[in-house]
Amino acid sequence: MRNRSMLCLLLLFITAAMLASGCDKGNEGASPAGANGSSIREQEKISDEPFEVTIRHTQVGESKKFRLAILKDVVRQTEADIPGLKIRLDAVDSEVNRKEKLRGEMAAGKPPDIFDVFGSPDSGIYAREGLMLDLTPILDELGLKNKIRGLEAYTHDGKIYGLPAGASIEGFFYNKAYFEEKGLHVPRTLDELEQLAEFIKADGKIPFAQSSKEAWVPLMTTNNLWSYFAGPEITYGFRSGTAKWTDPDVVRAFEKHKEWVDKGYYMPGELASEYTEMRNQIISGEAMMMMDGSWANSVFRDPDQAGDLIGKIGYFNMPPEAEGDPYIVMNDFNNGYGFSSSLADDPRKLQTVKRFIVNFWTEEMQLRGLKEDGVLPALVIDAERLADTVSDPLLQDIFNGVEQIDISYPAYDALVQTPVNEALGLGFQQVLSGAAEPGAMLEALQRTQQAANTELP
């Protein structure tokens, strides 16, 4: 297991490590991120007059308690570094923040000082309006520009406007104990996955946990299906106009998901369930598999949340149609932090930005995020040190899943425009409820896509 983990980690981080070793001449000799604090404080005059900085975060609820603890420790260190600084934490649900609160604040031109932001396309939209701080010179100063992976989602017109907190993949969590008891194995094809679902249903259990009140949750499954059936590159084509939502293989993916609903593979009434409730379907023993992001692993490694299921939950990627076909898996860095452009006019707040970055993107904090919360690091870290940190079987399953990926893709909502994302969510919920058929819904969605392609950059 140790050797497999090392191979997985080396494959995952080798590209980033090569980039780090090939930094441009201007960054040669830069001190490590954690060592830059003293040089910054020596160079900048520090006032001890009280001032406040607001951080908008989305670490809300029991399932995100470890992430919140890490953020609070970063806040405490940053406050200790800067005399007079008081950081106010503003907690908002992730979906509310992205689709309502932050959007409204940006429209008014008054975002929080530091805020949770989706990398693509959100940071690009806000950056074009001049509302996000250009971090490029700051990262150069701190020697971090080539030490943080996933900056592409936050890079627009050659400038960096945000930083990823970590990385994630999407796949199936499953009840290992149940699989072992029933003699079941991890599926190698979609047909085998459906056979598993039929067996589990016949055994009086729910094959797939799901909560569809927030449409992006079930669309994790559909996104993976259309990436298999039509190819992961097709999602890029919706915005450019080179592909359509009505393409036969895309329609087939939505029809397949609806078929699973009609066959009773999901809990009745789950359309009204909140996202966190589907984890309870697994923990309670009602459901045996659940499509979710790798970030959910912290729930199943926490005795307070998982109870008797500690050590009994595994992970596997959604399998391809045919054995031997490439594994296609969502893998991105889209959850991160942005900074208001107004901070550039306040030296003390700009210094706070630097200290926050120095304190958050350290090996210590990134490894804590990996060990405590299962978030794959954004900071480039030596593979051997990563291997020494990861010993949990569920995390090993996830790293093995990363090793298995042949082709990765970003989630659909990182590629399509906001009106398209909203129309897709509403339309798919209607499909799940039986109020609309996939083909008709996708025809309407394509009209929205065409309008968005005309109106938005």
Q | NZ (Lys263) with more than 12 external heavy atoms under 6.0 Å | A |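 Atom NZ in Lys263 is crowded, with more than 12 foreign heavy atoms closer than 6.0 Å.
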Q) Is the number of heavy atoms from other residues, nucleotides or ligands within 6.0 Å of NZ (Lys99) greater than 12? A) yes
(Q) The test is side-chain hydrogen bond (donor to acceptor under 3.5 Å, both in side chains); show your working for Glu170 and Ser168 and say whether it passes. (A) CA-CA 7 Å; Glu170 291 174 358; Ser168 61; 6.0 Å; no
Taking the six-membered ring for Trp and the full ring for Phe, Tyr or His, determine whether the centres of [X] and [Y] are under 6.0 Å apart.
X      : Y      : result
Tyr275 : Trp216 : yes
Phe428 : Phe254 : yes
Tyr337 : Phe115 : no
Phe238 : Trp245 : yes
Tyr315 : Tyr174 : no

(Q) Using side-chain contact (heavy atoms from CB on, under 4.5 Å), reason through Asn335 and Val117 one step at a time and then give a plain yes or no. (A) CA-CA 6 Å; Asn335 291 104; Val117 69; over 6 Å; no
Q: Could you pull out the closest heavy-atom pair between Ala209 and Ile282, with the gap in Å?
A: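 For Ala209 and Ile282, the tightest heavy-atom pair comes out as CB-CG1, 4.0 Å.
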**Q.** Residue pair Pro164 / Leu151: nearest heavy atoms and the distance that separates them
**A.**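 It is CD-CD2, 3.9 Å.
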Is a salt bridge present between [X] and [Y], judged by a nitrogen-to-oxygen distance below 4.0 Å?
X      : Y      : result
Glu194 : Lys256 : yes
Lys65  : Glu62  : yes
Asp397 : Lys176 : yes

Q. Checking side chain to side chain contact (heavy atoms under 4.5 Å, CB included) against Phe208, which of Ile200, Thr221, Val261, Leu193 comes through?
A. Leu193
